[in-house]
Amino acid sequence: MLKLLKPNLFVNSLLEVSVDQLKKIGIKGLIIDLDNTITYWNDRRITPEVEAWFANLYQHGIRACIVSNNRGDRVDHVARTLRVPYISGAGKPRRRAFLRALEVLDCRAEEAGVVGDQLFTDILGGNRMGLYTILVVPLGPREFIGTRFIRKVERIIMPFIKQ
């Protein structure tokens with residue numbers, strides 16, 4: 001079970017995900033979480049640095065798709081601002097949303113990665129699909145109440161998966 005929770009890469013933020021490194025390992029598409037990965041939880045503001053990171057991603061020919069368990073106009077707003085497709089109400093870590101994202105990205109699992117801040121949604125779902133998984137440190141401490149509970153479990157197992 002711990003193997004399914006271990007990301008291929010740990011970084012402090014989305015901005016530390018190297019587009020050059022992604023290209024070197026053959027990544028053509030990225031599935032990216034929204035809350036506490038692209039934006040702060042329940043926030044629609046996008047920093048200029050994040051916009052520039054996405055622009056760099058596109059310049060290098062890597063496609064992106066936001067996959068969020070959230071629903072509503074906030075997901076749509078962020079996706080439109082960044083000019084990327086999205087899947088909301090994803091139900092991560094279930095496979096369905098990841099499969100849909102691969103179709104949207106027009107790439108195979110071995111050509112895709114997933115970037116997110118949660119082990120039990122983003123990383124577990126990505127690893128189950130055979131994607132290259134990247135765990136980022138959450139942008140902020142504010143989170144959905146269910147996520148706060150899961151974070152306690154993550155803190156317990158994190159030392160075991162960082163080995």
Side-chain angles (χ1 to χ4, degrees), residues 1 4-11 13-15 17 22 27-47 49-51 53-55 57-58 62-155 157-158 161:
M1 176 63 171
L4 286 174
L5 295 172
K6 185 172 185 160
N8 296 103
L9 181 65
F10 292 91
V11 294
S13 79
L14 178 67
L15 303 176
V17 176
L22 294 174
I27 299 295
K28 296 179 181 176
L30 272 184
I31 297 166
I32 307 174
D33 178 51
L34 177 61
D35 281 319
N36 268 331
T37 301
I38 296 173
T39 65
Y40 284 89
W41 177 74
N42 215 20
D43 198 335
R44 58 177 43 221
R45 290 173 291 171
I46 302 162
T47 66
E49 294 85 4
V50 167
E51 287 191 59
W53 184 87
F54 272 88
L57 193 69
Y58 309 147
I62 298 175
R63 295 176 298 277
C65 179
I66 295 173
V67 176
S68 176
N69 285 348
N70 284 296
R71 299 179 189 275
D73 69 314
R74 188 174 64 85
V75 181
D76 179 70
H77 169 79
V78 171
R80 276 187 291 111
T81 302
L82 295 172
R83 294 181 299 284
V84 297
Y86 70 92
I87 297 167
S88 62
K92 295 181 289 183
R94 293 192 334 233
R95 289 184 172 103
R96 186 188 75 218
F98 290 98
L99 288 169
R100 284 181 49 213
L102 289 173
E103 287 177 21
V104 167
L105 294 169
D106 190 29
C107 61
R108 300 182 318 268
E110 57 272 13
E111 301 171 323
V114 61
V115 181
D117 68 302
Q118 292 188 55
L119 289 177
F120 289 97
T121 56
D122 308 305
I123 304 307
L124 176 60
N127 282 339
R128 288 176 64 216
M129 293 293 301
L131 306 174
Y132 185 81
T133 53
I134 303 169
L135 181 67
V136 300
V137 175
L139 288 173
R142 289 190 59 231
E143 298 187 293
F144 175 69
I145 192 165
T147 305
R148 282 186 265 162
F149 171 75
I150 294 297
R151 291 285 186 212
K152 292 176 188 214
V153 178
E154 284 183 354
R155 280 192 288 278
I157 65 168
M158 193 65 77
I161 64 168

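Each residue takes its place number in the sequence, starting with 1.
Shown here are the side chain to side chain contact (heavy atoms under 4.5 Å, CB included) partners of V11, two or more places apart in sequence or in another chain: L9, E16, V17, I134, V136. Take N8 and apply the side chain to side chain donor-acceptor pair (under 3.5 Å) test, not counting sequence neighbours, and it matches T133. For Y86, the side chain to side chain donor-acceptor pair (under 3.5 Å) partners at least two apart in sequence or on another chain are D76. Residues that satisfy the side chain to side chain donor-acceptor pair (under 3.5 Å) test with R63, not counting sequence neighbours, are absent from this structure. With sequence neighbours excluded, the residues forming a side chain to side chain contact (heavy atoms under 4.5 Å, CB included) with N69 are A90, K92, T121, listed by chain and number.
Side-chain N or O atoms of R95 include none that pairs as donor or acceptor with a backbone N or O of M129 at under 3.5 Å.
From D122, atom CG reaches atom OG of S68 across 9.0 Å, with rounding to the nearest 0.5 Å. A distance of 4.5 Å separates CD1 of I157 from CG of L5, quoted to the nearest 0.5 Å. The distance from the CZ atom of F98 to the CD1 atom of I31 is 6.0 Å, given to the nearest 0.5 Å. The distance from the CD1 atom of I123 to the CG atom of L135 is 5.0 Å, given to the nearest 0.5 Å. Here L4 contributes atom CG and L124 contributes atom CG; the two are 6.0 Å apart, rounded to the nearest 0.5 Å. Atom SG of C65 sits about 10.5 Å away from atom CG of L30, to the nearest 0.5 Å.
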Evaluation steps, side chain to side chain contact (heavy atoms under 4.5 Å, CB included), between V84 and F54: CA-CA 9 Å; V84 297; F54 272 88; 4.1 Å; yes
Stepwise side chain to side chain contact (heavy atoms under 4.5 Å, CB included) test for I161 and L119: CA-CA 10 Å; I161 64 168; L119 289 177; 3.6 Å; yes
Determine, step by step, whether R44 and D73 satisfy the salt bridge (Lys or Arg N to Asp or Glu O under 4.0 Å) criterion, reporting the C-alpha distance in whole Å, the side-chain angles of both residues, the deciding distance to 0.1 Å, and the verdict. CA-CA 9 Å; R44 58 177 43 221; D73 69 314; 2.9 Å; yes
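Residues L82 and I46 have side chains in contact (heavy-atom distance under 4.5 Å, counting atoms from C-beta outward). Using a 4.5 Å heavy-atom threshold, the side chains of L14 and W53 count as touching. No side-chain heavy atom of R45 sits under 4.5 Å from any side-chain heavy atom of T39.
A side-chain contact (heavy atoms from CB on, under 4.5 Å) with S88 holds for exactly one of V75, L34, I66, V67; it is V75.
The 12-atom threshold is not exceeded at CZ of R83, counting heavy atoms of other residues, nucleotides or ligands nearer than 6.0 Å.
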Contacts under 3.5 angstrom, residues 99-108 side chains, donor-acceptor by atom type, not counting sequence neighbours:
residue : atom : partner : partner atom : Å
R108    : NE   : E110    : OE2          : 2.6
R108    : NH1  : E111    : OE2          : 3.3
R108    : NH2  : E111    : OE2          : 3.4

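A donor and an acceptor atom, one from each side chain of N70 and D35, are located under 3.5 Å apart.
Among all heavy-atom pairs drawn from I32 and A64, the shortest one is CD1-CB, 4.1 Å.
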